[in-house]
Amino acid sequence: HIEILQLGGNKLNFLKSNFLDNFQSFSYLNLSRNQLSNIESYSFSNLKFIIELELYENCLHSIYKYTFFNLISLEILHLDHNRISRIDLESFCWLKNLYHLNLNHNLISLLKFKHFENLINLKRLDLAYNLIKNLNSEVFNNLNSLEILDLSFNRINNLNNSLLVLNNLKSVYLAST
């Protein structure tokens with residue numbers, strides 16, 4: 001059976017919900033450096049054993065609630081260098097084993113508690129180079145395992161005590177120009 005599927009650097013622009021139905025056993029999927037602008041809900045739902053998913057350097061605008069449905073084994077997710085401005089609440093709630101989430105270099109301006117609510121094993125969250133201005137005081141609640149948080153090069157003018165709940169935090173990056 002296939003363990004690694006490399007589809008990076010092609011011209012894929014859309015993923016349908018049945019796109020990977022015949023490939024269920026691989027642990028690594030690279031869809032980076034394509035032209036993906038939309039991923040239908042449930043596109044990855046049969047990938048129960050996938051550990052790492054790379055979707056960086058595409059043209060994604062939105063992350064829908066069921067985009068990552070059933071990815072119970074996923075540990076690393078790269079969504080950096082896209083055009084993401086909209087993330088549905090609970091989009092990541094299926095990713096209970098996720099420990100690294102990279103969302104840098106996007107157009108994210110608003111984050112809420114429900115975005116990260118079930119990411120209990122998340123150790124690294126990269127939100128650098130977005131358009132974030134304010135952080136709701138509850139946005140990082142339940143991220144008890146978080147050790148590294150990168151919020152560099154955003155437009156943050158108020159943290160609203162959002163970092164106080166992060167008891168395991170070792171590094172915070174808030175650099176700006």
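Counting begins at 1 with the first residue of the sequence.
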Cut-off 3.5 Å, no hydrogens considered: what does the side-chain donor-acceptor table look like for residues 4-14, sequence neighbours left out?
{"from": "Gln6", "atom 1": "OE1", "to": "Asn30", "atom 2": "ND2", "distance (Å)": "3.0"}
{"from": "Asn10", "atom 1": "ND2", "to": "Leu7", "atom 2": "O", "distance (Å)": "2.8"}

Donor-acceptor contacts, no H, no angles, side chain residues 153-164, under 3.5 Å, sequence neighbours left out:
{"from": "Asn154", "atom 1": "OD1", "to": "Asn130", "atom 2": "N", "distance (Å)": "3.2"}
{"from": "Asn154", "atom 1": "OD1", "to": "Leu131", "atom 2": "N", "distance (Å)": "3.4"}
{"from": "Asn154", "atom 1": "OD1", "to": "Ile132", "atom 2": "N", "distance (Å)": "3.1"}
{"from": "Asn154", "atom 1": "ND2", "to": "Leu127", "atom 2": "O", "distance (Å)": "3.0"}
{"from": "Asn154", "atom 1": "ND2", "to": "Leu151", "atom 2": "O", "distance (Å)": "2.9"}
{"from": "Asn154", "atom 1": "ND2", "to": "Ser152", "atom 2": "O", "distance (Å)": "3.4"}
{"from": "Asn158", "atom 1": "OD1", "to": "Asn160", "atom 2": "N", "distance (Å)": "2.8"}
{"from": "Asn158", "atom 1": "ND2", "to": "Asn160", "atom 2": "OD1", "distance (Å)": "3.0"}
{"from": "Asn160", "atom 1": "ND2", "to": "Leu135", "atom 2": "O", "distance (Å)": "2.9"}
{"from": "Ser162", "atom 1": "OG", "to": "Leu159", "atom 2": "O", "distance (Å)": "2.6"}

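In this structure, Tyr64 has no ring pair (Phe, Tyr, Trp, His ring centres under 6.0 Å) partners at least two apart in sequence or on a different chain. With sequence neighbours excluded, the residues forming a salt bridge (charged side-chain N to carboxylate O under 4.0 Å, His left out) with Lys114 are Glu90, Glu117, listed by chain and number. Partners of Asn104 according to the side-chain hydrogen bond (donor to acceptor under 3.5 Å, both in side chains) rule, which considers only residues two or more places apart in sequence or in another chain, are Asn102, Asp126. Qualifying ring pair (Phe, Tyr, Trp, His ring centres under 6.0 Å) partners for His115, counting only residues two or more places apart in sequence or in other chains: none. Scored by the ring pair (Phe, Tyr, Trp, His ring centres under 6.0 Å) test, Tyr99 finds no partners at all (sequence neighbours excluded). Listed by chain and number, the residues in a salt bridge (charged side-chain N to carboxylate O under 4.0 Å, His left out) with Arg86 are Asp88 (sequence neighbours excluded). For Arg124, the side-chain hydrogen bond (donor to acceptor under 3.5 Å, both in side chains) test picks out no residue, with sequence neighbours left out.
Cluster partners of Ile148, by chain and number: Tyr173. The rule joins Ile, Leu, Val, Met, Phe, Trp and Tyr whenever side-chain heavy atoms lie under 4.5 Å apart. Phe113 belongs to no hydrophobic cluster with other residues, because no ILVMFWY side-chain heavy atom falls under 4.5 Å from its own, directly or through intermediates.
Within the structure, side chain to side chain donor-acceptor pair (under 3.5 Å) pairs that include any residue of residues 137-148 do not occur (at least two apart or interchain).
The aromatic ring centres of Phe68 and Trp94 sit 6.0 Å or more apart.
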